[in-house]
Number of protein chains: 2
Amino acid sequence: MITHAMEDYLKTVYLLQEGQKKVSTSAIAQQMDVSAASVTGMIRKLAAMGLLNYASYHGVELTEGGKKIAQEIIRHHRLLELYLVEIMGFTWDKVHDEADKLEHVISEEFEERMSEALGHPTTDPHGHAIPAKDGALQEVAYETLTKVDAGSSATVQHVNDNDPEMLRYLDQLGILPSTVIQVVSKEPFNGPLRLRIDQTEHFVSREVAGNVFVAAPGKEAN
Amino acid sequence: MITHAMEDYLKTVYLLQEGQKKVSTSAIAQQMDVSAASVTGMIRKLAAMGLLNYASYHGVELTEGGKKIAQEIIRHHRLLELYLVEIMGFTWDKVHDEADKLEHVISEEFEERMSEALGHPTTDPHGHAIPAKDGALQEVAYETLTKVDAGSSATVQHVNDNDPEMLRYLDQLGILPSTVIQVVSKEPFNGPLRLRIDQTEHFVSREVAGNVFVAAPGKEAN
DNA sequence: AATTATATTTAGGTACTCCTAAATTTTTAA
DNA sequence: TTAAAAATTTAGGAGTACCTAAATATAATT
Ligand SMILES: [Mn+2]
Ligand SMILES: [Mn+2]
Ligand SMILES: [Mn+2]
Ligand SMILES: [Mn+2]
């Protein structure tokens, strides 16, 4: 039997491993806000179930079976987020927490009906790709806005969705997926970035910029 | 902290006590399909939390606090059932199980947005009253179709919603809330009932009739 | 290469929810 | 009013998911 907690671990490993790389116990612990000891315990169980490969002291890697479950949960999560925004009228800062609970309990029929109501969408409100019913998810690793050179422009691909306050702030600035941002200048000593968004200039901290993932012009997704 | 299991116990006690009467350990155990010993254990915990009054060996009764939580969960459940049918297109036989899981995890905002989307409805797809946001639920105790005299007619108030197969059969017969049914005759020795529904005659078992709750003409609800 | 720092695992517990079997209380029937 | 039946509680356990503290392994530094 696969429990809700197990689903959360698999989801976390999947999102942390971005492709193939091994994921450490402490990375999982930090991400999930549980102790490293708890992670070790759960990992051993998941490894025994054949959902991930585990080399003691050297991190884990999902098996195909583990990946499949993780993708399913991520599909639930992202479809839910979009459904909550588009159909139910939630603001984008409230949907992550709601989806984190609902993702484990909805049926396949619920998933399918959401997808239909939304016209089988491919990205969630924050710009994250929605895995296809079976299909894998090639989450491209974009750079954050902090890496963009002063003078250059970039297009927002996705934003971190786990901090509601941050999302409200970004919304206020007009920063959402597909927004074009020009980095006018970057102040030294970890100073603020001067951004031009839709004719208006804003100064934002590096912390804020670190939550915004962009593609430089000419190398947008797909 | 109130857990999902506790919510389920409170909901069950609320629905079993219909008004004031005390609810026995075994009634709860049977309804929830757990052992009587498990019920005793949980009851003691809920009593310690002040959510119900418990006299050892003599059953339980919800306190006002316990009732409030039960009503909240029942409101979630019934709004969800209606939302799933009306907005998402589920058939009425699939919604009970889905709602049983979702009822514990949706937020107050989710509840409110469903209610709004549905125009603040007062009954669920099976004819059960939806408790108001704060308000109590006066679930009137209707009789089942088996109690209706041969020759009389009655109006369906609600049907049991926990058996999907039964619901599909009732739907096929055209038996849903507000349907008028004439009991043409009742065969002896627990024999079938001969029903006239919308000009057509049907023979149904007592078991089926026991799932249909009606008000005799002249004494419909409200 | 040895020491120190960091990461990870193991050991021992707690809380929650459920179980079966045995003991006890209440109810029913003789 | 006593004995049998039924209902309920208590005792003892299991599985899940966490935790802290101690032990151990790996990585970094001198
Ligand atoms: Mn999210
Ligand atoms: Mn998202
Ligand atoms: Mn129901
Ligand atoms: Mn119902």
Side-chain angles (χ1 to χ4, degrees), chain A residues 1-14 16-17 21-62 65-66 69-70 73 97 100-105, chain B residues 1-14 16-17 21-62 65-66 69-70 73 97 100-105:
Chain A
M1 233 255 94
I2 181 99
T3 66
H4 295 182
M6 288 173 186
E7 289 178 347
D8 277 332
Y9 276 92
L10 292 173
K11 179 177 74 161
T12 299
V13 173
Y14 187 93
L16 285 174
Q17 79 179 12
K21 67 173 189 261
K22 295 228 173 122
V23 180
S24 70
T25 300
S26 49
I28 299 168
Q30 190 190 359
Q31 181 70 26
M32 298 187 71
D33 199 31
V34 296
S35 72
S38 299
V39 174
T40 300
M42 181 58 90
I43 272 173
R44 287 163 54 82
K45 215 177 320 187
L46 293 171
M49 294 171 79
L51 298 173
L52 47 75
N53 294 313
Y54 168 49
S56 207
Y57 288 100
H58 293 90
V60 299
E61 206 172 23
L62 294 181
I69 294 170
I73 297 301
D97 291 346
D100 261 348
K101 294 179 296 177
L102 288 163
E103 65 190 9
H104 306 290
V105 300
Chain B
M1 235 257 93
I2 181 100
T3 65
H4 295 180
M6 289 173 185
E7 289 178 347
D8 276 334
Y9 276 93
L10 293 172
K11 178 177 76 162
T12 299
V13 173
Y14 187 93
L16 286 174
Q17 79 180 12
K21 68 171 189 264
K22 297 227 174 120
V23 179
S24 70
T25 299
S26 50
I28 299 167
Q30 191 191 357
Q31 180 70 28
M32 299 187 69
D33 199 31
V34 294
S35 72
S38 298
V39 174
T40 300
M42 182 57 91
I43 272 173
R44 286 163 56 83
K45 215 178 319 188
L46 293 171
M49 294 171 79
L51 297 173
L52 47 75
N53 294 314
Y54 168 49
S56 207
Y57 288 101
H58 293 90
V60 299
E61 206 171 23
L62 295 181
I69 293 170
I73 297 302
D97 291 346
D100 261 349
K101 295 179 294 176
L102 288 163
E103 65 190 9
H104 306 291
V105 301

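A note on names: the letters A, B, ... follow the listed sequences, proteins ahead of strands, and every chain is numbered from 1.
The phosphate of D:dT8 (OP1 or OP2) has a side-chain N or O of B:S26 nearer than 4.0 angstrom. Distances shown here put every side-chain N or O of A:Y9 at or beyond 4.0 Å from the OP1 or OP2 atom of D:dT16. A sub-4.0 Å separation between OP1 or OP2 of D:dT20 and a side-chain N or O of A:S35 is absent. Residue B:T25 places no side-chain N or O under 4.0 Å from the OP1 or OP2 atom of D:dA7. Distances shorter than 4.0 Å separate none of the side-chain N or O atoms of A:T40 from OP1 or OP2 on C:dT8.
What separates NZ of B:K45 from C1' of C:dT17 is a distance of 7 Å, to the nearest Å. Atom NE2 of A:H4 is separated from atom P of C:dT17 by 14 Å (rounded to the nearest Å). Put simply, CZ on A:R44 is 14 Å from P on D:dT16, counting in whole angstrom units. Atom CD1 of A:I43 is separated from atom P of D:dT16 by 17 Å (rounded to the nearest Å). Rounded to an integer number of Å, the gap from NE2 of A:H58 to C1' of C:dA7 is 11 Å. What separates CD1 of B:I2 from C1' of C:dA15 is a distance of 15 Å, to the nearest Å. Distance B:K22 NZ to D:dT8 P: 13 Å, rounded to the nearest Å. The separation between A:L10 atom CG and D:dA17 atom P is 11 Å, rounded to whole Å.
With the nearest nucleotide of DNA chain D identified for both A:V34 and B:A55, B:A55 has the one nearer the 5' end. DNA chain D is contacted by both A:S38 and B:Y57; B:Y57 maps to the nucleotide lying nearer its 5′ end (nearest heavy atom per residue).
The residue B:A36 sits close to a base: some heavy atom pair falls under 4.0 Å. Among the atoms of the strands shown, base atoms are found under 4.0 Å from some heavy atom of A:A37.
Under 4.0 Å is where a charged nitrogen must lie from a carboxylate oxygen, and between B:K11 and B:E103 at least one such pair does.
With rounding to the nearest 0.5 Å, the separation of OG1 in B:T12 from CD in B:Q30 is 12.0 Å. Rounded to the nearest 0.5 angstrom, A:D8 CG and A:M32 CE are separated by 5.0 Å.
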